[in-house]
Amino acid sequence: MPQKRYIYFCSMLHFIDTLPSVVLLKGKKGEVMTKRISSKERLAQLRCLAEERNKKIAASTGGQSSAQDALVHDLQVHQIELEMQNEELFNTQQQLHESLEKYADLYNFAPVGYLTVDKDGLILETNLTFANQLGLNRADLINTSFDMYIAKEDRGSFRSHLDNVFAAVERQTCELRLEKPKGQIFYIQLTSIAVTNYDVAELCRISVADISVRRDVENKLVKMHEEMERRVEERTAEFFVSEKKFKRLSQEFQALINAITDYLILFSPEMKVLWTNSESFMQVDTENFDPASQFCYALIHDRAALALDCPILRCFVSGQREVAVVTHQGVVLDLRAFPVKEGDKVSRVLLLISDITEKMLLQAEAMQAGHMASLGELASGVAHEINNPITGIINYGQILMNECLDGSTEKDIGERIVKEGDRIGRIVKTLLSYARDGRNEKSAVGIPAILQESIVLTQAQIRKEGIDLQIDLADDLPKISANLQQIQQCFINIINNARYALSAKYPGRDPDKRLEIIGRTIAVDDRPYVRIAFCDHGVGIPDHEIAMVTRQFFSTKPFGQGTGLGLSITEKIIKDHGGRLLFESEEGAFTRVIVEFPVAGSKAGEDR
């Protein structure tokens with residue numbers, strides 16, 4: 001019996017020696033902690049604990065001193081050691097079981113797939129996420145080759161990736177395409193590392209991330225990038241043949257900004273110029289500046305030009321886009337201020353200045369064409385309503401003349417009725433002729449006829465304002481090839497400007513309040529021309545404004561009393577007829593507007 005116990009004791013000692021040298025300790029708050037110690041130290045600790053417990057048992061039962069009892073004592077100590085070891089093993093097993101469940105959940109329900117393969121790519125372990133990615137059961141994946149689920153074109157890449165994993169120490173990544181059972185393809189990213197298990201077999205741990213969405217976005221970005229590259233190369237290939245990509249794109253942006261005909265100016269809150277796409281108006285010499293550049297120069301160098309309703313200042317205050325339209329020296333400028341914000345604060349303002357004079361002119365011409373069409377319709381209706389009763393009035397006047405004796409008051413009244421009726425009829429006829437269509441048709445027409453038609457429509461205002469109209473036309477004035485309505489429009493514009501200048505200088509009647517119209521035949525470059533001069537003794541035009549009077553939207557009249565289009569349209573019409581429009585003026589003394597047309601049938605008229 002003692003011999004058997006001794007053999008059991010030796011076997012138990014061997015078993016204890018093979019146990020893991022891990023001690024579970026309880027912290028201050030009851031949490032379990034592990035501490036690694038050597039096997040000999042652990043055995044020494046267990047023996048001390050067992051001897052202490054055995055002493056307590058021996059003290060309660062009484063001591064014995066025989067050799068057999070000593071052996072029993074040793075066995076009892078070892079038995080206690082085994083019991084304590086079993087208790088610790090049980091507690092450790094519980095802890096390991098709880099950790100296993102926790103990490104099993106983390107493993108199975110991770111956002112990426114996990115699997116373990118051997119050198120041949122055989123799947124040994126996998127989680128639920130990877131199974132769901134393929135749409136298969138996890139059990140069906142175990143002991144199957146990973147190559148089965150890879151697209152044929154990428155299987156070689158996977159084999160190379162696996163070889164690199166086992167050849168290298170650090171992690172390796174690879175992007176592949178997997179194929180689901182129904183043929184659906186999706187992109188994945190593999191992150192792999194080689195490990196060694198307990199039986200010294202080399203394995204590969206792999207994480208599988210679904211990157212299909214990312215690849216779709218990348219493909220779209222690549223296509224967009226390729227499309228942008230194609231457009232850039234098409235538009236700017238001659239400028240960027242030998243430049244690098246970054247420099248090419250930078251130069252393209254700069255070329256695009258410099259190609260903009262409008263002005264771009266970046267202002268700081270202190271109204272300092274931070275950047276501009278044109279340096280021309282930054283110079284001191286402004287003599288050769290166009291009006292838009294002159295406006296920019298005044299805006300930058302003259303703080304007084306910044307009115308209270310300046311869009312730049314309003315943009316800094318409101319933080320919103322602000323717009324304004326200004327007229328400067330005969331040009332119409334569209335100002336648009338855009339805020340550049342840093343957080344909620346406007347740090348800079350970008351001002352875009354566009355010359356919209358041509359645009360406004362086209363709109364004005366379109367409006368004028370619409371007005372003329374409306375005037376034509378109105379004139380037709382008015383003529384119908386006036387001609388019928390005026391015919392009756394003239395007839396009654398004629399009857400009165402026929403029935404009354406010569407020299408009688410009644411006959412004189414009848415003559416006046418007929419005369420005024422004829423004048424009304426002529427005015428209506430002239431109004432219809434001025435407003436009718438066919439303003440592009442040209443024919444040989446005399447200047448006196450055009451001037452007479454123009455005077456018919458303006459003589460009422462001329463008489464009302466007390467202007468002395470003096471007309472001196474040569475009897476032998478040749479005809480010109482022209483559109484009567486267009487030349488009539490020019491004469492009316494010039495006469496109306498002369499009326500305004502005379503009334504501004506002489507509000508009432510005055511002997512010098514007169515308008516002189518003189519027509520003569522002249523020679524220009526040995527070719528016959530007809531010259532008509534309109535001379536008024538009004539306020540005149542300042543010398544520095546004479547060159548700008550024909551610019552669109554430039555007007556010497558106060559705001560609201562002129563559109564600035566009359567002389568611009570007049571000059572265009574006269575040039576279209578091969579003529580010239582000239583100005584002579586002295587401020588406060590007179591203005592002479594000279595119109596010259598080539599004679600119909602002359603070489604000048606034919607060259608036109």
Side-chain angles (χ1 to χ4, degrees), residues 287-288 290-291 330 357-358 361 365 438-455 470-498 501 515-538 540-552 554 556 564-587 589-608:
E287 294 182 358
N288 299 321
D290 58 85
T357 307
E358 293 295 333
L361 179 61
E365 291 178 349
R439 295 174 62 84
N440 293 324
E441 299 175 359
K442 296 179 180 179
S443 59
V445 60
I447 291 296
I450 301 175
L451 189 59
Q452 181 181 4
E453 296 295 326
S454 304
I455 296 299
Q470 300 178 4
I471 301 177
D472 180 15
L473 300 179
D475 296 335
D476 59 348
L477 281 181
K479 293 184 178 182
I480 64 173
S481 178
N483 180 280
L484 187 146
Q485 286 75 31
Q486 289 186 343
I487 303 303
Q488 182 183 5
Q489 179 182 355
C490 295
F491 287 175
I492 290 174
N493 285 338
I494 296 172
I495 291 172
N496 286 337
N497 286 340
L515 171 60
E516 301 170 355
I517 303 177
I518 302 173
R520 297 289 186 269
T521 302
I522 64 170
V524 178
D525 296 332
D526 297 329
R527 297 176 181 177
Y529 274 74
V530 176
R531 170 182 286 179
I532 305 95
F534 299 81
C535 182
D536 68 79
H537 296 271
I541 305 173
D543 292 340
H544 66 278
E545 292 184 355
I546 291 179
M548 298 185 291
V549 293
T550 57
R551 287 183 180 177
Q552 300 95 333
F554 178 83
T556 58
L565 292 174
L567 289 178
S568 174
I569 295 174
T570 297
E571 183 182 46
K572 183 177 182 299
I573 293 174
I574 292 173
K575 286 185 176 180
D576 289 343
H577 284 75
R580 298 190 302 173
L581 180 64
L582 307 173
F583 296 90
E584 297 175 358
S585 183
E586 181 180 339
E587 187 175 5
F590 74 94
T591 297
R592 182 178 292 108
V593 181
I594 301 172
V595 181
E596 297 177 350
F597 292 106
V599 173
S602 67
K603 187 175 180 181
E606 293 174 357
D607 292 343
R608 178 172 51 77

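These values consider heavy atoms only, across backbone and side chains, with no hydrogens, waters or symmetry-generated copies.
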Point-to-point distance, once rounded to the nearest 0.5 Å, from [atom1] of [X] to [atom2] of [Y]:
X: Ile517; Y: Ile447; atom1: CD1; atom2: CD1; value: 11.0 Å
X: Gln486; Y: Ile573; atom1: CD; atom2: CD1; value: 5.0 Å
X: Glu586; Y: His537; atom1: CD; atom2: NE2; value: 11.5 Å

Query raised in the report: Among pairs that include at least one residue of residues 472-483, which meet salt bridge (charged side-chain N to carboxylate O under 4.0 Å, His left out), considering only residues two or more places apart or in two chains?
Result: Asp472-Arg520
Report summary line: Sorted by chain and number, sequence neighbours left out, salt bridge (Lys or Arg N to Asp or Glu O under 4.0 Å) with Glu596 holds for Arg531, Arg580
Heavy-atom closest contact ([X] atom, [Y] atom, distance):
X: Pro478; Y: Thr521; value: CD-OG1, 3.2 Å
X: Val549; Y: Ile546; value: CG2-O, 3.1 Å
X: Ala501; Y: Asp536; value: CB-OD1, 3.8 Å
X: Gly578; Y: Pro598; value: O-CD, 3.5 Å
X: Tyr529; Y: Val599; value: N-CG2, 3.9 Å
X: Ser454; Y: Ile492; value: CB-CG1, 4.0 Å

Requested in this report: Just do the side-chain contact (heavy atoms from CB on, under 4.5 Å) check on Val530 and Val595 with the steps written out, would you?
Outcome: CA-CA 8 Å; Val530 176; Val595 181; over 6 Å; no
Are [X] and [Y] close enough that some pair of their side-chain heavy atoms sits under 4.5 Å apart?
X: Ile518; Y: Cys535; answer: no
X: Asn493; Y: Gln489; answer: yes
X: Phe534; Y: Asn497; answer: no
X: Ile532; Y: Ile594; answer: no
X: Ile450; Y: Val445; answer: yes
X: Phe491; Y: Thr570; answer: no

**Report entry** Sole residue of Ile574, Asp576, Ile569 in side-chain contact (heavy atoms from CB on, under 4.5 Å) with Lys572
**Finding:** Asp576
Requested in this report: Check side-chain contact (heavy atoms from CB on, under 4.5 Å) between Gln470 and all other residues, then give those that pass, not counting sequence neighbours.
Outcome: Asp468, Arg514, Glu516
Query raised in the report: Any donor-acceptor pair under 3.5 Å linking the side chain of His577 with the backbone of Asn483?
Result: yes
Requested in this report: Measure from the side-chain N and O atoms of Ser585 to the backbone N and O of Arg592, and report whether any donor-acceptor pair falls under 3.5 Å.
Outcome: no
